[in-house]
Amino acid sequence: MAYENILIETPAPGVGLVRLNRPKALNALNSALTREVFEALEAFDRDDSVRCLVLTGSDKAFAAGADIKEMADTGAVTMFAGGDFTDWSRLMRIRKPLIAAVSGWALGGGCEMAMMCDMIIASETAKFGQPEITIGIMPGAGGTQRMTRAVGKALAMEICLANRHLTAEEARHYGLVNHVFPVDAYLSEAIRLAEKIAGMPGVAAQAVKEAINKAEELGLSEGLTFEKRNFYLLFGTEDKTEGMTAFVEKRPAGWKHR
Ligand code: CAA
């Protein structure tokens, strides 16, 4: 498939990488770009040779938000009746682990898109923010919800009401970001982490991702029930037999990813 706004790579065994590529607009997320991102991630999700995904932008900007120029003439009825943002739930249906590698600006929808990923590896220059209020709107792709869960109510209020940016180190402190690396290393480190995850049994990795993401939504007893179902399910996989046999035989496991 030919894409105009993104680049696709497979930089390591089992790793699929999608790179936002609208440098002149700091990767502002217009509808064409976001559609391509969702399509490319979904294609990797269907590809049996890929087991972990990385979403990145440029060193200067992961993404500076939804495309303001595209939204400028859009009214409420158009937004309500199936505007582009309804599509964003497609990101939540990606079943394989998804790592955001973030450098520079991650603002508005860019910050929200990074937070929809399962982990974030940041460069020292990464800046996270929800500046929507400065253009008369508010976060519309999870910013008020996911940011609040990550940093707590008081700081989320400041971020969304006063356009306070989080530095990479602050974001790591609050648990929004896993690790911070120099600009010349963040992407290779994200790929290294993705390769490590891609080397794990694939069905188990998807079951873990699903269960941890449920922890954000369910109460503890429902979450524990959900976890137990996935745990039991994995006892039906070939990889469970292989993994336990390999342990007993003191040899590395040869995963089948089924
Ligand atoms: N939409 C459209 N174009 C954008 C953009 C955006 N979100 N962000 C940057 N650009 C464009 C600029 O218009 C500019 O294009 P031109 O050269 O054609 O003028 C180009 O990218 C470079 O930007 P700047 O000259 O502004 O670069 P800078 O280094 O001076 O500033 C910045 C960088 C602070 C990120 C600034 O560009 C900025 O504030 N951008 C907007 C951030 C924003 O408000 N994002 C939220 C959008 S709303 C949203 O995301 C809704 C939602 O919740 C889903």
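Every number for a ligand or one of its atoms is a count from 1 in the order of the listing.
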Protein heavy-atom partner closest to [atom] - residue, atom, separation in Å:
atom: atom 18 (O) of ligand 1; result: Lys69 NZ, 3.4 Å
atom: atom 31 (O) of ligand 1; result: Leu26 CD1, 4.5 Å
atom: atom 29 (O) of ligand 1; result: Trp105 NE1, 4.4 Å
atom: atom 42 (C) of ligand 1; result: Ala64 O, 3.3 Å

### Query
Are Val37 and Ile121 grouped together when hydrophobic residues (ILVMFWY) are joined by side-chain heavy atoms under 4.5 angstrom apart?
no
#### Entry: In one Ile/Leu/Val/Met/Phe/Trp/Tyr side-chain cluster, 4.5 Å: Phe235, Val203
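No, it is not one cluster - the side chains of Phe235 and Val203 are not joined through contacts under 4.5 Å.
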Atom indices of ligand 1 within 4.0 angstrom of [X] heavy atoms, with elements:
X: Glu132; value: 48 (S), 49 (C), 50 (O), 51 (C), 52 (C), 53 (O)
X: Met71; value: 48 (S)
X: Ile135; value: 48 (S)

Test item: protein heavy atom less than 4.0 Å from [atom]:
atom: atom 27 (O) of ligand 1; answer: yes
atom: atom 1 (N) of ligand 1; answer: yes
atom: atom 8 (N) of ligand 1; answer: yes
atom: atom 38 (C) of ligand 1; answer: no

### Message
Please tell me whether Asn21 and Tyr3 have a donor and an acceptor in their side chains that are separated by less than 3.5 angstrom.
### Response
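No - no donor-acceptor pair under 3.5 Å links their side chains.
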### Query
Do we see a donor-acceptor contact under 3.5 Å between the side chains of Thr237 and Asp239?
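Distance-only check fails for Thr237 and Asp239.
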### Task
Using the six-membered ring wherever Trp is involved, compare the ring planes of Trp88 and Phe85 and label them parallel, tilted or perpendicular (cut-offs 30° and 60°).
tilted
### Query
What do you reckon, does Pro139 put a non-hydrogen atom under 4.0 Å from ligand 1?
yes
### Task
Take every heavy atom of Gln130, measure it against each atom of ligand 1, and state whether any distance is under 4.0 Å.
no
So does [X] pair up with [Y], basic N to acidic O under 4.0 Å?
X: Arg19; Y: Glu9; value: yes
X: Asp45; Y: Arg93; value: no
X: Arg95; Y: Glu42; value: no
X: Asp118; Y: Lys209; value: yes

Could you say whether the N/O atoms of [X] and ligand 1 ever approach to under 3.5 Å?
X: Glu112; result: yes
X: Phe85; result: no
X: Gly109; result: yes

### Query
Taking the side chain as C-beta and beyond, is there a heavy-atom pair between Pro23 and Ser58 under 4.5 Å?
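No. Closest side-chain heavy atoms not under 4.5 Å.
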### Message
Closer than 3.5 angstrom, by distance alone: can the side chain of Glu36 be matched with the main-chain N or O of Glu4 as a donor-acceptor pair?
### Response
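Judged by distance alone, yes, a pair lies under 3.5 Å.
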Donor-acceptor pairs are to be reported for all side-chain atoms of residues 190-200 against protein atoms at under 3.5 Å, with residues two or more places apart or in another chain.
unit_1: Arg192; atom_1: NE; unit_2: Glu189; atom_2: OE1; d: 3.1
unit_1: Arg192; atom_1: NH2; unit_2: Glu189; atom_2: OE1; d: 2.9

Among [options], which residue places a heavy atom closest to [atom]?
atom: atom 49 (C) of ligand 1; options: Ala66, Gly110, Ala28; value: Ala66
atom: atom 4 (C) of ligand 1; options: Ala25, Gly136, Ala61, Ala106; value: Ala25
atom: atom 46 (C) of ligand 1; options: Gly140, Pro131, Gly104, Pro23; value: Pro131
atom: atom 35 (C) of ligand 1; options: Leu29, Leu107, Asp67; value: Leu107

### Message
Checking contacts here: is it the side chain or the backbone of Lys24 that comes within 4.0 Å of ligand 1, counting heavy atoms only? Could be both or neither.
### Response
backbone
#### Entry: Step-by-step side chain to side chain contact (heavy atoms under 4.5 Å, CB included) determination, Phe128 to Val102
CA-CA 9 Å; Phe128 299 85; Val102 176; 3.9 Å; yes
